[in-house]
Amino acid sequence: MSSHADTHGDGHDELGHILPFSTYRNVLIGLLVLTVLTVVVAKVDTFDFGTLNIVIAMIIASIKASIVALYFMHLKYEDKITWLYVFFPLLLLALMMGLIFIDNPLRRDDRPVEIHDPLAQQLEALQ
Amino acid sequence: MSEHAAAADHGNLNYLNHETTLWSWLSTVDHKRIGIMYLFTITIFFIVGGIAALTMRMELASAGPDFLTPDQYNVLFTLHGAIMIFLFIVPGIPATMGNFLLPLMIGAKDVAFPRLNLLSYYIYVVGAIMALFALLNPIDTGWTFYAPYSTQTKSAVILMTGAAFVLGFSSILTGLNFVVTVHRLRCPGMTWDRLPVFVWALYATAVIQTLATPVVGMTLLLLIMERWLGVGIFDPKMGGDPVLFEHFFWFYSHPVVYIMVLPAFGVVGEIIPVFSRKPLFGYKMVCYASLAIALVGFLVWAHHMLVAGISDTSAIYFSVITFGVAIPTAVKVFNWVSTMYKGSISFDTPMLYAMAFIFLFMIAGTTGVYLATLAVDVFYHDTYFVVAHFHYTIQGGAVIGLIAALHFWFPKMTGKMYNEHIAKIAFVLVFVGFNLTFLPQFVLGMEGMPRRYFDYLPEFQSMHRLSTVGALVNGFGYTFALLNLLFAWIFSKRKASANPYHSLSLEWQTQSPPIHDNFVETPTVTDYPYGYGTPVEGGAH
Amino acid sequence: MFRYLPEQASKIAPSVDWLHNWITDLSVLFTVAICGAMVYFAIRYRKRDGVDHETPRIEGSNFLEVVWTVVPTLISIWVAYYGIVIYQDMREGENEALVINAVGKQWIWEFQYENGKQTVGEFVVPVNRPVKVVLTATDVLHSFFVPAMRIKKDAVPGHYTSVMFTPVKTGTYHTFCTEYCGTNHSGMLAKLNVVSEAEYERWVNDRSDDLAKLSMTPAKLGAKLYSDKGCVACHSLNGTRLVGPSFLKLYQQDGRKLADGSEVKFDEKFSVEEYIRESILHPAAKVVESYPNGLMPAFDGQLSDGELKGLIAFIKEQDGSAPAQEEEPASEDMTAKLAAMSLEELGQFHYESKACNGCHSLDGSQIVGPSFKGLYGKKGELADGTEYVADDAYIQESIWDPNAKIVKGFQPNLMLQTYKDQLKERDIQGIIAYMKTLQ
Amino acid sequence: MNSAVETIPGEPPHAHHWTSVNAYHGAKLGMWLFLATEILLFSVLFTSFAIYRFLYLGEFHSASLQLDWRMGATNTAVLIISSFTAALAMDAAQHGNNKRVRNLLLFTVACGGIFLVVKYFEYSHKYDIGLFPGRTCPEVHADAASGHGDSHHGESDHGAKADHGGGHHQEFCWPTGDNALGLSDAQKEMLVSNNYKMYFGLYYCMTGLHALHVIIGMAVLSWVCLLASRGRFSEKYYTPVELGALYWHLVDLIWIYLFPLLYLVD
């Protein structure tokens, strides 16, 4: 958790990292292509993988998200602490989802007892 | 020993008297003044919450309705819970002592974002005003706002949940501020393994504050949308699942109990070495235990829901993983007690409170084991055993920690000394009153009395009477202790020296009360702040 | 540690208590050891005569750290393991268990058996046979807790949850609601009666009250509810004013003056029938002028639609034409039956049929009058400060002339004055005998 | 404010408690932490969506057909382009070109505006056909109008025929007062016949909260744009531009996940 190298001011004293225009352009093209890809995979029926659809859609979205984070947000050139505070919330999200998914779907399927009441009809009429 | 120049005394110019207009206080960005403002504000809410608690105890003294109707009682326990948690103990130590001491302890002039610090105080004040309005139109859902009842009841749920939402932001911004401060503003030489254990505890608390509070913020927002627009996420009639509200609520509300108690661990970790004149035993383990508690704290939330109809798989998982949180806490307690071995122990009030903390937290910790064990929790869940357990952890832990901190750093904050004898008498009252209030409630829990009961069967009568007497003694003890400090600050003539307890920690090296910029010039640190006693061969840390 | 846990009435209870006592012993051991060490260090190494003596700079020992991490971990694993094993044992014998449906609704527990028998606030199970209670709720979260059986599970609206236990001792056990559910959360109690197998079979198949309900016209059902639910205690039929307005000619009114000065008219928009229905379900809605508010319990959620129709039909009948619904002249078989009863049964019969249950509870809680539990032989203070001893003479006088001695904290002229001619010498002895059984 | 913050164009504000470089890195760490809290804020919604999609697969499937994926796709493209221009704005700020920063940020804010306009059309279209949050509680009992969506997850077929008395089974009720909003019969029919459970409750929460964040992002970028037009930034000081851009990228990131989840999956 605590990096001893992370003393005060940790080394690089100039400000943020500067990227060439080409990087930004490539990232933009990449994002647009991936968007088209994800729409095609979802809408064109030849690619229907049933329940796998959502997994593919999430993978594509995660690729897009990581490109944006790494290059547009300069996460690639940040120090270790920033990386930590990006991955820790994602871990918490996965944790929250995971532990709720081992609760809700696996609940005991209790059913009330079937009622066979000879007096049912008359009581219903009275009700 | 940090060998920067001794604190050159600036005459008597310090953060309190270098500007004394009201506007200079309300618009200050000095972390010390913000800490003091927080202190007075949360004490008001401590009193309000305490009055609610005493009224309930009066009602519960005898079976059958005495002077309250069931609805009034339900409103009272809701307000007691909500005010004590959201308005007193969550800001509690981090906002008051944390704000005041963090920059001093790491040798900084102020927190990372001073103006953001003032903004979070004012967000807290807005939230507090909303909560005061909630006092007027009552809310009777309990501080947990559980879903189907809170979406159906006629009482003003939106007001109090809105207040909690706003207070959550103040907590997030304070946490964010502290994390950046500890990373970026440590003075030269102050590496991570030379940080005082109170700063480690504050750092772990700040991580939880920043990362857990948004979840409850969103959950309360969904509850407000549920009541207002009927989006149906928690409404069983529309397919929603009330247990899902419990999951999201406790995802925050378990880490929040570590927000409350971790700073208190830090305070005890500071006090014991100073009054035993001995280095803190296993300094590294105590620091890493704070972080371990913070991290594992995120994994265990559903042990509050073991009988809420969750699947057996998750009940087993949460029961087992909860023991994972108990281990680091036990390690801390072992280390504190070992610190006192072969020390030169003096019994000033802070030390008495610290020792009382250890005893009370042993009871709190061990009763937690009952509630973590699956088979026993089925019996004890939502009974008075749980009420007694969490009062031992929150009141026995965090509140005693806050009062210990107030006494220990009182000379540093005010430059004066409080009356030692009155403080000790108040300590005895608090200690006796607290135990007399909550030990009978353990017995009530064993007898199977459920919590949040307005009226109870006659066989629970005697324990409730004992508990009410204890509550009165406890309430009197707190007022006695706080008034003693208040009068000492206003009337006491005895000037406190810069370092009355000869502590090695950085905040005691500057004058007390400290100047506006904390240190004449930024100190450099060469050793960790617990270098007491003469070195022995095997003592390398 | 001392014995506070409730009696062990289910098969799982002994093992839960075994684990509970193991944790207690470990907790006491660790607390005493650590706090003892602390106090010993504090005294042994205290600062003597104001001067700090020399202290060694011990900064830690890795060996100790390992020891007090491993030891608590091992204990935790052991305790957690047994916690899980015993938790799973609670589900033993699930397939041949007797299944009962329990529905929690705001402030009552409703039970339903396979043969259609429904009860409220009380359910009966056979001893030594696994029982599975399937829980649900209709409005908010409730929680089904039987301390003696060491079981608890939340009743979640919209979902089914279940709880299982095997009773091993006959008797009556408390059942609580432990999930906060509103105003009367503390009153949402139920009774679990564990009886022998034969007794259980008799009770389950005894559908006499359902049969009785079927054979009645709505008005007769209303009359039965009028006494069963305790209306008789506050609403007379002969016009005399008691706690509440009399039912005589109530249905024929065209309007009511209310306590807040407003006037409510009965017309096709708001008929008298709706007024009566609303006043039964939510009495505080329209309190009639000069009558106390807050005394009548809200029957919302406690009366089915059919029962409400019956009560309204019964009140409609009180138009003064039919003779005031006195206790039917004791037909021959009735007096014979009463004479054949033992004193205690006679007392219990009167307790239920004369609507004492409306105001005097059996479990110590105060409704309108003092609870019968523990009343016989009780010494106490009257409203005028004098002492009283609840002996036979006092009880007989209090029944025949209630206003003679009013106990401190209770209000006069609430109790019916008409018992003097309904309850004779032997009936009073019966009531006293019944009270004695309620110590 | 008594802390000495003189603003010399191009120079970082003087702060007495830390150096300007440290202030830059501190501000960025603070911003990343704030983005972490935003991610966690949305994580509650993503988890709710995931769990209810798992439980009510059929309803969510039939409900998501109601959304117009073409509008969603255009919105995604708009946000990606605006994210691109925000990144270029930060790059321009790093080179101290205030005018270029202003123009690029204006374009980004304009893209945000387009996004909101498209969102407005989507919402109003849904409003017209009766799909909106809130409760309509027509007396029609759910059984009579059980959803035609084939909800193969065993929630609608109940074991007990006459289960324990009263409104316990999954009675569908979308309650906003009978005609408080002037419901036409067509709208009421749409609501009751399609057992949409809370798909649209979640839809409006997620897209509504995201739209709110777009508005906040636009406000922040407009303020930064104002500063840039006054030439406030230089190579040595461009922190506000970077923080504004970071926030905008987060808003885009969240939409990148929302778009496939809500619009595409079937």
Side-chain angles (χ1 to χ4, degrees), chain A residues 1-17 51 54 58 61-62 65-66 68-70 73-114 127, chain B residues 106-108 176 179-180 182-195 200 203-204 207-208 210-212 214-215 218 241 243-244 246-248 250-252 255 284 287-288 290-292 294-295 298-302 305 308-318 321 522 524-525:
Chain A
M1 169 77 188
S2 72
S3 59
H4 284 278
D6 177 9
T7 54
H8 165 65
D10 58 34
H12 65 79
D13 53 6
E14 21 71 29
L15 303 177
H17 192 87
T51 56
I54 183 150
M58 284 303 108
S62 302
S66 40
V68 166
L70 287 176
M73 300 166 93
H74 294 270
L75 183 57
K76 204 165 194 308
Y77 314 99
E78 296 296 342
D79 52 20
K80 268 153 63 72
I81 293 301
T82 313
W83 278 84
L84 178 82
Y85 282 112
V86 167
F87 284 113
F88 195 30
L90 296 179
L91 172 77
L92 289 182
L93 168 64
L95 194 82
M96 184 197 294
M97 233 182 233
L99 289 178
I100 289 182
F101 261 78
I102 70 167
D103 165 32
N104 220 316
L106 304 180
R107 281 193 188 148
R108 177 179 292 278
D109 191 14
D110 287 313
R111 286 282 161 213
V113 68
E114 301 259 343
Q127 225 41 6
Chain B
I106 57 173
L176 188 141
V179 167
V180 178
V182 173
H183 274 296
R184 309 265 10 146
L185 286 174
R186 284 168 284 125
C187 67
M190 180 65 88
T191 58
W192 281 88
D193 51 14
R194 288 187 185 146
L195 279 175
W200 273 85
Y203 181 77
V207 166
I208 309 176
T210 315
L211 297 181
V215 175
M218 192 62 213
D241 176 10
V243 181
L244 189 62
E246 291 180 38
H247 270 297
F248 289 143
W250 289 112
F251 185 90
Y252 161 74
K284 250 198 218 311
C287 297
Y288 291 158
S290 290
L291 283 182
L295 299 182
F298 278 107
L299 314 175
V300 296
W301 74 83
M305 302 159 51
I310 57 176
S311 68
D312 286 351
T313 329
S314 53
I316 289 168
Y317 161 76
F318 282 111
I321 199 78
T522 313
T524 53
V525 170

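Scope of the values below: all heavy atoms of this structure, side chains included, with no hydrogens, waters or symmetry mates. So you know, we letter chains A, B, ... as the sequences are listed, proteins then strands, and number each from 1.
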Honestly, the part of N104(A) sitting under 4.5 Å from a heavy atom of chain B is side chain
Comparing A315(B), G189(B), S311(B) against chain A, the one with the most heavy-atom pairs below 4.5 Å turns out to be S311(B)
Rounded to the nearest 0.5 angstrom, the CE-CG distance for M305(B) and D103(A) is 6.0 Å
Paired with R107(A), the side-chain hydrogen bond (donor to acceptor under 3.5 Å, both in side chains) test is passed by just one of T313(B), D241(B), D312(B), namely D241(B)
Closest non-hydrogen contact found for L211(B) with P89(A) is CD2-CG, 4.5 Å
Taken to the nearest 0.5 Å, the spacing of S314(B) OG from L99(A) CG works out to 8.5 Å
With Y85(A) as partner, the option from T210(B), L176(B), V207(B) fulfilling side chain to side chain contact (heavy atoms under 4.5 Å, CB included) is V207(B)
Output for pair (L95(A) CG, F298(B) CZ), nearest 0.5 Å, gives 9.5 Å
If you tally heavy-atom pairs under 4.5 Å between each of F318(B), F251(B), F248(B), Y317(B) and chain A, the highest tally belongs to F251(B)
One should read off an interatomic distance between H183(B) NE2 and I81(A) CD1, to the nearest 0.5 angstrom, of 4.0 Å
